[in-house]
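A, B, ... follow the sequence lines: proteins, then strands. Residue 1 opens every chain.
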Number of protein chains: 2
Amino acid sequence: MATQDTSVLGFALLGLIHQKPSSGYDLRKTFAETAIGNYSSSPGAIYPGLERLESRGLIRGVVEDSAGLRRRRLYRLTSKGGAELKRWLARPIEPGDVTRGAQELMLRFSFMDQASGTDATIAFLTSFRDALKSYVSGLESYLRDNAPKMTLSGRLALECGVRGYRSMHDWANYAISGYRDSRIQSTSRSAKNREGGPR
Amino acid sequence: MATQDTSVLGFALLGLIHQKPSSGYDLRKTFAETAIGNYSSSPGAIYPGLERLESRGLIRGVVEDSAGLRRRRLYRLTSKGGAELKRWLARPIEPGDVTRGAQELMLRFSFMDQASGTDATIAFLTSFRDALKSYVSGLESYLRDNAPKMTLSGRLALECGVRGYRSMHDWANYAISGYRDSRIQSTSRSAKNREGGPR
DNA sequence: TCCACCATGTAACTGGTTACATGATTAC
DNA sequence: GTAATCATGTAACCAGTTACATGGTGGA
């Protein structure tokens with residue numbers, strides 16, 4: 001069955017709406033103004049995208065005309081939508097996820113500490129880091145084997161990729177330590193850390 | 001007029017065919033096996049893409065049945081196609097090109113030393129580096145202003161982006177020095193470097 | 001009054017995805 | 001003979017782009 005599956009844009013919408021109930025217009029602004037990744041922002045992408053999510057029961061839009069403002073359709077996650085988002089966030093990282101689209105993994109991460117716990121986030125980062133490591137070493141050995149056959153610009157372009165993924169790998173370690181620190185702070189040095197913490 | 005413009009995939013095909021006349025199958029393998037960027041590789045993308053280019057007179061495919069092999073349609077650039085490729089490679093980098101798709105810029109770069117001269121490549125890299133610098137500083141100031149309002153994972157995700165673009169920036173400097181070295185080698189230390197060089 | 005902006009939508013087109021179909025050649 | 005792989009293609013579907021349309025609201 002599984003009606004059909006959610007696109008990356010769909011998950012981006014789900015994640016943003018989870019952070020804060022929003023109208024289509026709000027979401028368009030977010031996509032246009034922030035560096036959240038290169039997603040649409042065009043009305044022809046957002047509004048149909050929202051309709052799709054709503055028709056699948058993942059979000060529900062309610063017109064609010066509280067102030068003197070024009071009707072604004074404010075969307076909120078349904079519990080089904082929340083579950084869908086959580087399932088996406090919890091997906092294990094498969095080999096190949098890094099290759100085609102570390103972007104999507106970063107998008108997932110950026111929604112994590114809202115909807116997942118610190119432990120899950122650290123686990124995600126660890127797995128991401130390992131995947132990056134093996135991907136980088138794959139690229140490096142490819143480079144070692146093929147550098148002679150490649151053009152200068154081709155080789156340099158590959159090196160750019162290697163550096164980029166390596167910087168992501170280093171970032172992942174940095175991020176992990178950031179979460180470890182935040183966990184220590186929120187448990188404030190004592191032994192009694194019931195899971196949950198602030199918010 | 002301008003029939004219509006070439007997609008990124010179209011330029012990728014043009015660039016690869018320029019490097020080496022290829023069949024659709026060859027190109028699919030290249031996309032599937034190398035880290036050239038995340039392009040199609042599916043037959044439903046490649047073959048129609050090639051047909052589109054051919055119908056616009058940018059490439060021409062000839063069936064070769066030299067060996068006992070099955071018919072293979074080998075594509076070559078036409079002069080019109082070569083001009084289209086050169087024009088794409090020579091496009092100035094506009095603000096915003098970095099934001100949505102450093103990938104495309106890297107693809108352009110990876111074809112450069114085939115079809116453009118060393119000087120043009122260095123100019124491209126310099127301009128790319130400058131664009132990256134200003135983009136990075138924009139992200140950094142956004143981060144400075146908004147860090148308090150952001151979630152931990154949101155902030156970290158942005159920092160990942162900053163690091164990535166900064167690593168590209170550093171790479172650009174590295175690549176520039178690579179081209180300078182190659183130019184020195186090919187003019188072998190003397191004063192008379194007429195532009196052009198090998199090829 | 002008119003402009004700018006808030007806010008939503010729609011239609012035509014384009015291109016990519018998945019999945020299927022086909023057939024030739026080579027190696028076992 | 002049959003499996004793998006070379007090689008090309010096609011069809012149905014889906015999502016995104018551009019461009020246009022509409023209308024409310026607030027301020028000059």
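Each of B:Lys29, B:Arg71, B:Arg72 was compared with B:Ser23 under the side chain to side chain donor-acceptor pair (under 3.5 Å) criterion, and only B:Arg72 meets it.
Taking only side-chain nitrogens and oxygens, A:Ser23 comes nearer than 4.0 Å to OP1 or OP2 of C:dT8. Distances shown here put every side-chain N or O of B:Arg73 at or beyond 4.0 Å from the OP1 or OP2 atom of D:dC6. Proximity of A:Arg72 to the phosphate of C:dT8: no side-chain N or O atom is located under 4.0 Å from OP1 or OP2. The shortest distance between the side-chain N/O atoms of B:Tyr25 and the OP1/OP2 oxygens of D:dT8 is not below 4.0 Å.
Expressed to the nearest 0.5 Å, how far CD of A:Glu54 lies from CZ of A:Arg73 amounts to 6.0 Å. Taken from OG1 in B:Thr121 to CZ in B:Arg108, the straight-line distance is 11.0 Å, to the nearest 0.5 Å. Atom CG of A:Leu85 and atom NZ of A:Lys80 lie 14.5 Å apart (nearest 0.5 Å). Summarising the geometry, atom CG belonging to A:Asn173 is positioned 11.5 Å from atom CZ belonging to A:Phe128; distances are rounded to the nearest 0.5 Å. Rounding to the nearest 0.5 Å places OG of A:Ser7 at 7.5 Å from CG of A:Leu53.
Between B:Phe31 atom CZ and C:dG15 atom P there is a gap of 15 Å when expressed in whole angstrom units. Atom CG of B:Leu13 is separated from atom P of D:dT8 by 13 Å (rounded to the nearest Å). A straight line from CD of B:Glu54 to C1' of D:dG9 spans 14 Å, rounded to a whole angstrom. Atom CZ in B:Arg71 sits about 14 Å away from atom P in C:dT22, given to the nearest Å. One atom, CG of A:Leu27, and another, C1' of C:dT8, lie 13 Å apart when rounded to the nearest Å. The distance from atom CZ of A:Arg28 to atom C1' of D:dA19 is 12 Å, rounded to the nearest whole Å. As rounded to whole Å, 10 Å separates atom P of D:dG16 from atom CG of A:Leu53.
Nearest to the side-chain atoms of A:Leu9 among the listed nucleotides C:dT8, D:dT8, D:dG16 stands D:dG16.
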Could you pull out all donor-acceptor pairs under 3.5 Å where a side-chain atom in residues 149-166 of chain A meets a protein atom, sequence neighbours excluded?
residue: A:Lys149; atom: NZ; partner: A:Asn146; partner atom: OD1; Å: 3.1
residue: A:Thr151; atom: OG1; partner: A:Gly154; partner atom: N; Å: 2.9
residue: A:Ser153; atom: OG; partner: B:Phe109; partner atom: O; Å: 3.4
residue: A:Ser153; atom: OG; partner: B:Ser110; partner atom: O; Å: 3.0
residue: A:Ser153; atom: OG; partner: B:Asp113; partner atom: OD1; Å: 3.1
residue: A:Arg155; atom: NE; partner: A:Glu159; partner atom: OE2; Å: 2.9
residue: A:Arg155; atom: NH2; partner: A:Glu159; partner atom: OE2; Å: 3.3
residue: A:Glu159; atom: OE1; partner: B:Tyr174; partner atom: OH; Å: 2.5
residue: A:Arg166; atom: NH2; partner: A:Glu140; partner atom: OE2; Å: 2.6

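Sorted by residue number, the members of residues 38-50 of chain A with any non-hydrogen atom under 4.0 Å from DNA chain C read A:Pro43, A:Gly44, A:Tyr47.
Within 4.0 Å of A:Arg52, counting heavy atoms only, lie sugar-phosphate atoms of the nucleic acid but no base atom.
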